[in-house]
2 protein chains.
Amino acid sequence: MTTTDEALRTAGLRATRQRLSVLESLRERPDAVTAQDLHAELRGAGEPIGLTTVYRTLTALAGAGFLDTFDRDGEQAFRRCGEVHHHHLVCETCNRVEELSGDDVERWVSQAATRHGFEVTGHRADIFGICAACR
Amino acid sequence: MTTTDEALRTAGLRATRQRLSVLESLRERPDAVTAQDLHAELRGAGEPIGLTTVYRTLTALAGAGFLDTFDRDGEQAFRRCGEVHHHHLVCETCNRVEELSGDDVERWVSQAATRHGFEVTGHRADIFGICAACR
DNA sequence: GACCGACATGACAATCGTTGTCAACTGGGT
DNA sequence: ACCCAGTTGACAACGATTGTCATGTCGGTC
Ligand SMILES: [Zn+2]
Ligand SMILES: [Zn+2]
Ligand SMILES: [Zn+2]
Ligand SMILES: [Zn+2]
């Protein structure tokens, strides 16, 4: 996994205090978090940062491929994920996310697309459930 | 596929003119559509209906399992889909959706969940691309 | 066919996540 | 230290969706 500094540099972003604190709080964090929640957490932890900045930082990092996004009832949640293609196993109780590989899924994708004459631009395969700790 | 009347009855909804026109316009329609767009279309076609009603009808039908929902840049799109479990091949240009089955995907789901000690509550596997007609 | 109560409608207001604005601030190269 | 393009954040604005509630209608009953 890339370091926080490298991530910012790669994304073409300056290493500001706010961005570093966002990346740091996302570091090794197992669950996906929304902009609003992360903002509240940072503020609560004494890290001064504006909500707009949190939104912009998360969006930029996700666009650069350092974060994956999840839809939590119409609200966007983010998680620091590996940069190689993968899928997700998401706990609906604690929002923990496990990264999965799936060669069989990749095969299914290209086969289905070919069969229907589609040119693939992307795909997504996520599993939702309750993790062991939450059960 | 269920008829429009049956769908409403099953969902515990009265067969009003508005609901029937929503279901009718979704009938055999290959693409997913948003509430706002469907509302505009119906109005344009001379079908008087309120935006709130369109939202409520689509939400109710989706909740009853007659429609599948898709996220189109944070906006919700709906499509009449078969009631047996399936996955999707979505054209990002015309929003056409093909329904897919995927036994290998189902296998992958239960295997991955078991391996991580998750109890599965659901899963989703969609492919995005450009359909033959749009290329 | 008229009647009636529960359900449905729709114009409007309100909510809420997210994005735009812009004056003040700052990272990092010279 | 200087400079300025990039960044911040309080605030306003936006847009999709949901709540409100007076009015309208479905569908079973008489
Ligand atoms: Zn991920
Ligand atoms: Zn994949
Ligand atoms: Zn479907
Ligand atoms: Zn499946």
Which part of the nucleic acid, if any, lies within reach of [X] when heavy atoms closer than 4.0 Å are counted: base, sugar-phosphate only, or nothing?
| X | value |
| --- | --- |
| B:T16 | sugar-phosphate |
| A:Q36 | base |
| B:A15 | sugar-phosphate |
| A:R9 | nothing |
| A:R56 | base |

Exercise. A:D71: what forms a side-chain hydrogen bond (donor to acceptor under 3.5 Å, both in side chains) with it, not counting sequence neighbours?
Worked result: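 Here no residue qualifies.
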Problem set entry | Sequence-distant partners of B:T53, side-chain hydrogen bond (donor to acceptor under 3.5 Å, both in side chains), two or more places apart | none
Problem set entry | CD on A:E119 to CD1 on B:I130, rounded to 0.5 Å | 6.0 Å
For this session: Please round to the nearest 0.5 Å and tell me the distance separating atom OG1 of A:T4 and atom CG of A:L26.
Result: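 So the gap between those two atoms works out to 11.0 Å.
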Exercise. If we ignore angles and hydrogens, is there a donor and acceptor under 3.5 Å between the side chains of B:E92 and A:T121?
Worked result: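 Yes.
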Exercise. Does one side chain, of B:H86 or B:E98, offer a donor that lies under 3.5 Å from an acceptor on the other?
Worked result: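 Side-chain D/A pair, B:H86 to B:E98: absent.
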Problem set entry | Within residues 10-22 of chain B or reaching into it, pairs that qualify as salt bridge (Lys or Arg N to Asp or Glu O under 4.0 Å) - sequence neighbours excluded |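 Listed once each, the pairs would be none.
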Problem set entry | Positional range of nucleotides in DNA chain C within the contact set of chain A, heavy-atom, under 4.0 Å | C:dG17 to C:dG28
Exercise. If you walk 5' to 3' along DNA chain D, what is the first nucleotide with an atom under 4.0 Å of a heavy atom in chain B, and what is the last?
Worked result: D:dA16 to D:dG27
Exercise. 5'-most contact on DNA chain D: A:Q18 or B:G74, nearest heavy atom basis?
Worked result: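 By nearest-heavy-atom nucleotide position, the 5'-most residue is A:Q18.
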Problem set entry | Qualifying ring-ring contact (aromatic ring centres under 6.0 Å, His included) pairs, either residue in residues 34-71 of chain A, two or more places apart |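 Residue pairs with at least one partner in residues 34-71 of chain A: A:F70-A:H88.
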Exercise. 5'-most contact on DNA chain C: B:G12 or A:L51, nearest heavy atom basis?
Worked result: B:G12
